[in-house]
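What follows is a short report on a single structure.
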Number of protein chains: 2
Amino acid sequence: MTPKPTMRTVAAKAGVSIATVSRVINCPDEVPTETVERVRAAMAYLKYRPNMNGRRLKMAQTRSVGVLVPTMANPVFATSVQGIAQAAHEDGLTVLLTSSEYDPERELGAVSTLLNNRVDGLILTLANADDNRVIDLLISENIPFVLLFNQPSRTDVASISVDNAKSAYDITQAMIAQGHRKLAMVAGRFESSDRSRQRYDGFCQAINDAHQKDGAAMAAPRLCQVGFGETDLEGILESFLTGPDAVTGLVCSTDMLAIAAISACRTYGLSVPGDVSVGGIDGIAVGGLITPKLCSAVQPTQKMGQQALAFLLGLIRGQTEPQSLLLPHQLSTGESIGPARHQSSPRL
Amino acid sequence: MTPKPTMRTVAAKAGVSIATVSRVINCPDEVPTETVERVRAAMAYLKYRPNMNGRRLKMAQTRSVGVLVPTMANPVFATSVQGIAQAAHEDGLTVLLTSSEYDPERELGAVSTLLNNRVDGLILTLANADDNRVIDLLISENIPFVLLFNQPSRTDVASISVDNAKSAYDITQAMIAQGHRKLAMVAGRFESSDRSRQRYDGFCQAINDAHQKDGAAMAAPRLCQVGFGETDLEGILESFLTGPDAVTGLVCSTDMLAIAAISACRTYGLSVPGDVSVGGIDGIAVGGLITPKLCSAVQPTQKMGQQALAFLLGLIRGQTEPQSLLLPHQLSTGESIGPARHQSSPRL
DNA sequence: ATGAACATTTGAAACGTTTACAATGGCGGA
DNA sequence: TCCGCCATTGTAAACGTTTCAAATGTTCAT
């Protein structure tokens, strides 16, 4: 088998120099059609493939972007990657994909690898966007990057997100409006997700506001923290769903948790929304298909991915001021939230 | 700002040659510790980052793999990519991700791009694994690759899959065992998915076997084809769920379709499994959490991704015989399949 | 003292591109 | 005829690595 053809091989075959071959590839307009055709013929005959690594080595830009998400197992992130991949395809960019499994150490390692690959820029969903070594690293190396789903408190980094606190606030408020007074939030561990914390803050805020401004007799907000990848919430939710202090509504910091929570309710013989109301945040596709239809603060996940890439391209092209964009979320009209059970004693 | 440090910069700083720097990076054992430390110090001081593109240009292997899936929006593929990314991380491989949107043209384009990047090998989920130009291309270029979820009929390509026909057969049989006689399959378009066709074949086979071997009074198998990304099945399912010929069971070629089908049944006032039984194939995580719990032929999606990468590594290392692995699927004990409604006239 | 054997290091040539610059040749105007 | 201009093409030097062969220095048995 002959070795892989290079520009040199093609040049020899077509009886031209490699500079001409390069020109045929990159700017065919500056080369007479007759020559272009001869070179193209040679390329086809030899099944020539330009070697991107050679090109990258020479050029300032690599036309590749790095992507880091916590995990692909959560449809939210998968869908955002779908958006990124789509937009990247349209711009002819190569996507290098990594996942952190919610582990800050791995975040740093993954980004480091991506930088070794000399990506032109990065799109990141970090566990915690504040006081993060990854961000310091990227800024010190002066690499364009866009945060996705993170809402950093600092203003000098670009990000695309929904308003996490507001999302949680709104869905909580929707429950309060239905008469719920004893609420708990089900959320991922704060160390592993700043979104989780921001959403919890919104949850608490909604309860406090209802309490103080509207004088509603709200019970103190409660919190049920869940490890990531945890799908079996039965045990963990027991103290929230049974006994005299049982809540009537669960606000979940993600739709995956919400769906798992609904499932857990069922195992306690509690109906949703008859006995317990459940709300989510994210708006994953499957949420709209299940019974009861999940009520959620929906974010345009895929669009956000596309948008993030568009942003990144701007930064790469030298746009100096990093922008932050907070996209609007939307409460879906779901059935998983209903009127609060009226003071009936909880079962069991 | 100083230009990016290279091996040359480091070498100068440490007072050695670039060859020594290279050895410190690649085989520190062959260099006296004193020198290693001096070089390492220089690297740290200069914040040196090895440039993978330089390395790739020189070396035979690039330590990168290309991945092509139809879409990230389907949790099945996302989860498999999760498995791939995880395994790749463990081996220090870079993952280049592309998606085809179920479009054969884009499949070819994406693979071509990946080849231009000189990936060491590919993991592909193709629309149609038989008579596919992508496969011809890869074989002619002698690039290692593994098919994922595809079951090619030819034996000279490596693949990881479950037995699609058998999966469909089993879930169909489960329905027949519950007394169902009028069944339809809901499936994606065959042109865009050979899995879809294979699953349909299994569906038909199960019905024929029940008819001929067990003498069950099976109605002829029916087929409802759905475009990809289609999530609203109400209109499309009308003729299957209503009228005198309404079926009592829907076998769906993917879990996403099954969940959508259950949702559609609801809009016709049909309960699952009371009025209609619904079964899926794939075993996506969310299926186990919804109400009714989805009965599905579960495949170990994430493991399959990991396995595919392991396979690919074997091929890259020069393992000559491509293997095909059919992993066992497992019927999940779901609630979405129940006894057939006994000859009661279908509603409206 | 001599040279063999060895450990350590270096020089230099790739790898496949891009691109600044130079060379070539044809042409029209003076 | 000569000159300059333009269009076309070619030459050669990068880009940042790896790696082979060669050089240097050290140690040790003779």
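In what follows, chains carry the letters A, B, and so on, assigned in the order in which the sequence lines appear, proteins first and then strands, with residues in each chain numbered from 1. The figures here come from the full heavy-atom set of this structure, side chains too, leaving out hydrogens, waters and symmetry mates.
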- Query: Taking CD from B:Glu34 and C1' from C:dT9, how many angstroms apart are they, rounded to a whole number?
  - Reply: 13 Å
- Against the side chain of B:Pro32, the closest entry in C:dT9, C:dG11, C:dT18 is C:dT9
- Is A:Ser17 near enough to D:dT9 that one of its side-chain N or O atoms lies under 4.0 angstrom from OP1 or OP2? no
- Message: Checking B:Arg49 against A:Ser112: is there a side-chain donor and acceptor pair closer than 3.5 Å?
- Response: yes
- Task: Return the value, rounded to whole Å, for the distance between atom CG of A:Asn51 and atom P of D:dT17.
- Result: 16 Å
- Task: Select base, sugar-phosphate, or nothing to describe what A:Thr6 touches, counting heavy atoms under 4.0 Å on all strands.
- Result: sugar-phosphate
- Note, A:Leu137 side chain near A:Leu115 side chain (heavy atom, < 4.5 Å): yes
- So do A:Ile139 and A:Val157 actually touch side chain to side chain, heavy atoms under 4.5 Å? yes
- Item | Value in whole Å for how far the C1' atom of D:dC15 lies from CE of B:Met7 | 14 Å
- Item | Whole-Å distance separating the CE atom of B:Met59 from the P atom of D:dG16 | 17 Å
- Query: Does a side chain donor of either B:Gln82 or A:Thr71 reach within less than 3.5 Å of an acceptor in the other side chain?
  - Reply: yes
- With the side chain defined as heavy atoms from C-beta on, B:Tyr48 is closest, among D:dT17, C:dT8, D:dT19, to D:dT17
- Query: When you match A:Arg23 and A:Arg8 each to their closest nucleotide on DNA chain C, which lands nearer the 5' end?
  - Reply: A:Arg8
- When all nucleic acid strands are considered with a 4.0 Å heavy-atom cut-off, which category describes B:Asn53: base, sugar-phosphate, or nothing? nothing
- Among D:dA13, D:dT19, C:dT10, which is the nearest nucleotide to the side chain of A:Lys58? D:dA13
- Return the value, rounded to whole Å, for the distance between atom CZ of A:Arg56 and atom P of C:dT19. 15 Å
- Task: Check the distance between C:dC15's P and A:Arg49's CZ and give it to me in whole angstrom.
- Result: 20 Å
- Integer-rounded Å distance: C:dA14 P and A:Lys4 NZ: 21 Å
- Message: Side chain of B:Arg55, heavy atoms from C-beta onward: which of C:dT18, C:dG11, D:dT17 has the nearest atom to it?
- Response: D:dT17
- Measure from the side chain of A:Thr20, starting at C-beta and using heavy atoms only, and say which of D:dG16, D:dG10, C:dT9 lies closest. D:dG10
- Query: With nearest nucleotides of DNA chain C determined for B:Glu30 and A:Met52 from heavy-atom distances, which residue corresponds to the more 5′ nucleotide?
  - Reply: B:Glu30
- Query: Just how far, in rounded Å, is C1' of C:dA14 from CG of B:Leu57?
  - Reply: 9 Å
- Task: Answer with base, sugar-phosphate or nothing: what part of the nucleic acid does B:Arg118 contact at a heavy-atom distance below 4.0 Å?
- Result: nothing
- According to a strict under-4.0 Å criterion, is A:Thr35 in side-chain N/O contact with OP1 or OP2 of D:dT9? yes
- Note on the structure: From the list A:Asn128, A:Leu124, A:Leu126, A:Asp156, side chain to side chain contact (heavy atoms under 4.5 Å, CB included) with A:Ile135 holds only for A:Leu126
